[in-house]
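Report on the structure given below.
Start at 1 with the first residue, then count along the sequence.
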Amino acid sequence: MHAAGRALPSGRGQGRPKSVRTREVFWAGLREGLTVAASARAAGVSKRAGQDWFKQAGGVRPVTINPQLEAAVDHGVGLLSWTDRCRIEDLVTAHYRPAQIARLMGRARSTISRELARGTPTDRPGRYRALVAQNRTDAARRRPKQRKLVAGTRLVGRVTTSRDPVRR
């Protein structure tokens, strides 16, 4: 660069900007229990850059934002569906927090927290699976349950032929 008549970059903060992916690698290292220096090395940045990122965030991982993933999420009404559970799994995999998921889906935070607990397999704690949650929900449903008024039974015959007035 000097031969081309340009000055060499000097000073802090004048290098190329770090990509979002590099920061995600840095924060993933911290989540795994690495130190700031080790996490910065894993992300391919200097220890000083890692310390700066950590200080800027106040020691807390910044909020994850993925516009493509967020666009696929619909506000739900009523019980959680299979599609809702799949969306939750995608958001958890993308490191969204339960409060963010609840806001995106238009649900209460407690609903998402219970769902995350329901969908965590016993052999892999900390990993939400939509299929596990759906299977547990299906098993807990009230039906199929043996009905009391089934056609052809004695009770149906008595109820339909009874002429007694309804007592109140």
Side-chain angles (χ1 to χ4, degrees), residues 18-36 38-39 42-43 50 53-168:
K18 302 303 175 194
S19 70
V20 173
R21 178 74 182 128
T22 305
R23 287 185 186 234
E24 284 297 321
V25 171
F26 171 75
W27 288 107
L30 287 178
R31 273 193 305 278
E32 291 172 6
L34 297 177
T35 64
V36 172
S39 187
W53 291 347
F54 192 74
K55 189 190 299 184
Q56 287 170 358
V60 179
R61 180 174 53 92
V63 174
T64 306
I65 298 172
N66 185 338
Q68 278 184 316
L69 188 58
E70 290 180 14
V73 177
D74 295 328
H75 281 280
V77 178
L79 300 174
L80 289 173
S81 66
W82 167 247
T83 306
D84 293 336
R85 288 185 173 89
C86 290
R87 296 288 182 236
I88 291 172
E89 184 174 353
D90 292 342
L91 291 167
V92 167
T93 303
H95 305 294
Y96 276 71
R97 297 177 182 154
Q100 286 178 283
I101 297 171
R103 181 184 47 78
L104 286 170
M105 297 185 79
R107 306 286 185 153
R109 194 189 306 184
S110 60
T111 300
I112 301 302
S113 296
R114 282 193 303 270
E115 182 63 25
L116 292 175
R118 181 182 298 118
T120 303
T122 53
D123 60 336
R124 290 188 67 189
R127 171 86 169 107
Y128 176 80
R129 301 289 300 164
L131 185 60
V132 171
Q134 187 67 39
N135 288 342
R136 287 184 181 166
T137 300
D138 291 342
R141 285 221 169 104
R142 298 175 81 181
R143 301 279 179 217
K145 188 183 206 181
Q146 198 169 26
R147 297 176 184 263
K148 294 180 181 175
L149 288 176
V150 178
T153 61
R154 209 170 78 192
L155 181 59
V156 169
R158 269 187 77 99
V159 170
T160 56
T161 60
S162 175
R163 296 180 190 242
D164 293 334
V166 178
R167 295 181 187 172
R168 291 185 185 194

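- Rounding to the nearest 0.5 Å places CZ of R109 at 13.0 Å from CZ of R114.
- Note that CG of D90 and CD1 of I101 are 10.0 Å apart. Values are rounded to the nearest 0.5 Å.
- Contact detail for A130 and C86: the closest heavy-atom pair is CB-N, 3.9 Å.
- Expressed to the nearest 0.5 Å, how far CD of E115 lies from CZ of R136 amounts to 10.5 Å.
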Start with the C-alpha gap between V132 and T120, add the side-chain angles, then the distance that decides, and say whether side chain to side chain contact (heavy atoms under 4.5 Å, CB included) holds.
CA-CA 7 Å; V132 171; T120 303; over 6 Å; no

Would you sort out whether T137 and R85 count as a side chain to side chain contact (heavy atoms under 4.5 Å, CB included), showing the intermediate values?
CA-CA 11 Å; T137 300; R85 288 185 173 89; 3.1 Å; yes

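- The main-chain N or O of S81 is found under 3.5 Å from a side-chain atom of D84 such that the two form a donor-acceptor pair.
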Full working for salt bridge (Lys or Arg N to Asp or Glu O under 4.0 Å) between D138 and R141:
CA-CA 5 Å; D138 291 342; R141 285 221 169 104; 3.0 Å; yes

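- Of all the heavy atoms in L69 and A94, the pair that sits closest is CD2-CB, 3.7 Å.
- Within the model, atoms CZ of R103 and NE2 of H75 stand 9.0 Å from one another, a figure rounded to the nearest 0.5 Å.
- Side chain of T153 to backbone of L149: no donor-acceptor contact under 3.5 angstrom is found.
- The nearest pair of heavy atoms linking S113 to P98 is OG-CB, 4.4 Å.
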Carefully, step by step, assess V36 and F26 under the rule side chain to side chain contact (heavy atoms under 4.5 Å, CB included).
CA-CA 8 Å; V36 172; F26 171 75; 4.1 Å; yes

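- Here the shortest heavy-atom pairing between L30 and L34 reads CD2-O, 3.4 Å.
- Surrounding CG of L79 are at most 12 heavy atoms belonging to other residues, nucleotides or ligands under 6.0 Å away.
- Atoms OH and CD1, from Y96 and I88 in turn, are 14.0 Å apart once rounded to the nearest 0.5 Å.
- Residue R127 places its CZ atom among more than 12 non-hydrogen atoms of other residues, nucleotides or ligands, all under 6.0 Å distant.
- Heavy atoms only, all atoms of each residue included: V77 and R107 are closest at N-NH2, 3.6 Å.
- Residues S39 and W27 approach most closely at OG-N, 4.4 Å, considering heavy atoms.
- Considering CG of N135 and CZ of R118, their distance stands at 12.0 Å, rounded to 0.5 Å.
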